[in-house]
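Heads up: numbering here begins at 1 and tracks the sequence. The basis for the numbers below is simple: all heavy atoms, side chains too, and nothing from hydrogens, waters or symmetry mates.
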Amino acid sequence: TVSDVLPIAEAIARRAGAVVMEGLGRARQVRQKGAIDFVTEFDQRSEELIVSALQKEFPEHAILAEETGLHPRTGEYQWVVDPIDGTTNFAHGVPLFAISLGLLRGTVPVAGVVYDPLHEEMFSAALGRGATLNGRPIRVSSQTDLGQALLATGFAYDIRTNPRNNLAQFAQFQLRTQGVRRLGSAALDCAWTALGRLDGYWEFGIKPWDVAAGGLLVREAGGRTTSTAGDEDFISPGTIIVSNGLLHEQILRVLREGDAAPLPQ
């Protein structure tokens, strides 16, 4: 069953975390992938470890990894792997980054782990089995008022060229919430929403490996995960909203109406 894969995925994420922690504060070989998108030797070492371990444990599962792309198989299951989600933070020594392993059946996440090695926080979820942090069940927040909510967001790497760059939406939510944070790790944005540290998170232009595990964590912690259009499939469109569920329609409304959306009383 899918919950049987979790202890294996957690163990692999812990091993990758040890590799990543070796590099914190000394990630010198940084290669630019784009204007503001880059990769370190530790992304590559973490990914090599994860991919080879998954291939050994689940030889029939396909793997889509951020740096090396698709390792195809014929079965219905596919792992999506982010060896360091928050590479920019990591390369600057900012202590917010995580390892994300999500298992998809088609476009539906069925298992996932998000591991923050610096704070030793292992978030874990399997479809229908709930979500945990270091083995203890977690639950989304109970905030019902967007004006009192703390949200997070992120910006795509093509922010300088893409007209849909989220800057207008950032301002709209900043005026309609208690605050909007920009952590720099989509996996942690989701995990922290599942835990109730945040009340929600939205982003345009994300990749499956950023959110497959995190989106499932939120659902299994009692929250809601959709695309920014409100679709249940958030893997294919490349957009995401996660929330405690209670705020979801209010978040969708701001995205729909923009500056015309109501301000808090």
Side-chain angles (χ1 to χ4, degrees), residues 20 23-25 27-44 46-47 64-70 80-100 102 114 150-177 179-193 198 200-215 225-231 234-242 251-252 254-261:
V20 170
L24 184 62
R28 285 181 299 276
Q29 290 174 303
V30 175
R31 176 169 65 77
Q32 298 272 140
K33 287 198 288 190
I36 48 176
D37 184 9
F38 50 104
V39 57
T40 72
E41 63 187 296
F42 294 95
D43 293 81
Q44 289 156 331
S46 172
E47 184 165 307
L64 176 64
E66 179 172 18
E67 308 306 338
T68 54
L70 182 63
V80 284
V81 173
D82 197 331
I84 305 178
D85 185 49
T87 298
T88 303
N89 284 347
F90 173 77
H92 287 268
V94 174
L96 282 171
F97 50 85
I99 291 139
S100 180
V114 172
L150 186 63
L151 303 186
T153 192
F155 300 90
Y157 286 120
D158 60 359
I159 187 170
R160 297 176 186 176
T161 53
N162 189 337
R164 197 184 190 205
N165 60 18
N166 199 30
L167 289 167
Q169 291 79 11
F170 179 78
Q172 287 152 3
F173 278 106
Q174 195 72 50
L175 295 174
R176 288 165 178 80
T177 60
V180 180
R181 300 289 177 259
R182 198 284 198 244
L183 304 179
S185 166
L188 288 179
D189 291 322
C190 292
W192 287 14
T193 302
L198 297 167
Y201 153 71
W202 87 94
E203 191 166 345
F204 309 134
I206 42 115
K207 296 288 194 287
W209 51 77
D210 297 322
V211 294
T225 304
T226 67
S227 73
T228 53
D231 303 312
F234 61 95
I235 297 294
S236 315
T239 68
I240 192 168
I241 304 172
V242 299
I251 293 169
L252 279 164
V254 176
L255 288 174
R256 210 168 44 239
E257 297 179 13
D259 292 327

What distance do [X] atom [atom1] and [Y] atom [atom2] have between them, rounded to the nearest 0.5 Å?
{"X": "L198", "Y": "T193", "atom1": "CG", "atom2": "OG1", "answer": "4.5 Å"}
{"X": "E67", "Y": "W209", "atom1": "CD", "atom2": "CH2", "answer": "8.0 Å"}
{"X": "T228", "Y": "L255", "atom1": "OG1", "atom2": "CG", "answer": "6.5 Å"}
{"X": "T87", "Y": "H92", "atom1": "OG1", "atom2": "NE2", "answer": "10.5 Å"}
{"X": "F97", "Y": "D43", "atom1": "CZ", "atom2": "CG", "answer": "10.5 Å"}
{"X": "Q172", "Y": "L167", "atom1": "CD", "atom2": "CG", "answer": "10.5 Å"}

Criterion side-chain contact (heavy atoms from CB on, under 4.5 Å) on L96 and F90, from CA distance to verdict: CA-CA 7 Å; L96 282 171; F90 173 77; over 6 Å; no
Residues which pass side chain to side chain contact (heavy atoms under 4.5 Å, CB included) with Q174, listed by chain and number, not counting sequence neighbours: F170, V180
Residues at least two apart in sequence or cross-chain that pass side chain to side chain contact (heavy atoms under 4.5 Å, CB included) with P237, listed by chain then number, are S227, D233, T239
I'd like to know whether I241 forms a side-chain contact (heavy atoms from CB on, under 4.5 Å) with L252, so could you lay out the CA-CA distance, the side-chain angles of the two residues, the decisive distance to 0.1 Å, and finally the verdict. CA-CA 8 Å; I241 304 172; L252 279 164; 3.4 Å; yes
Per the side chain to side chain contact (heavy atoms under 4.5 Å, CB included) rule, which among T225, I240, L151 passes with Y201? I240
Residue pair [X] / [Y], side-chain heavy-atom distance below 4.5 Å:
{"X": "K207", "Y": "E66", "value": "no"}
{"X": "L64", "Y": "V81", "value": "no"}
{"X": "L183", "Y": "W192", "value": "yes"}
{"X": "D82", "Y": "D210", "value": "yes"}
{"X": "Q44", "Y": "P83", "value": "no"}

Applying side-chain hydrogen bond (donor to acceptor under 3.5 Å, both in side chains), name anything that partners [X], two or more places apart in sequence or on another chain.
{"X": "Q169", "result": "none"}
{"X": "S185", "result": "D85"}
{"X": "N166", "result": "T153, W202"}

Run the numbers on V254 and F173 for side-chain contact (heavy atoms from CB on, under 4.5 Å), then give the verdict. CA-CA 7 Å; V254 176; F173 278 106; 3.5 Å; yes
Measure from the side-chain N and O atoms of [X] to the backbone N and O of [Y], and report whether any donor-acceptor pair falls under 3.5 Å.
{"X": "S46", "Y": "F42", "value": "no"}
{"X": "N89", "Y": "G86", "value": "no"}
{"X": "T68", "Y": "A65", "value": "no"}

Sequence neighbours left out, what passes ring pair (Phe, Tyr, Trp, His ring centres under 6.0 Å) with F234? Give chain and number order. none
Minimal non-hydrogen separation, [X] against [Y], with atom names:
{"X": "A186", "Y": "E203", "result": "CB-OE1, 4.4 Å"}
{"X": "S100", "Y": "A187", "result": "CB-CB, 4.1 Å"}
{"X": "V114", "Y": "A191", "result": "CG1-CB, 4.3 Å"}

Go through D231 and T226 one step at a time and tell me if the side-chain contact (heavy atoms from CB on, under 4.5 Å) criterion holds. CA-CA 5 Å; D231 303 312; T226 67; 5.8 Å; no
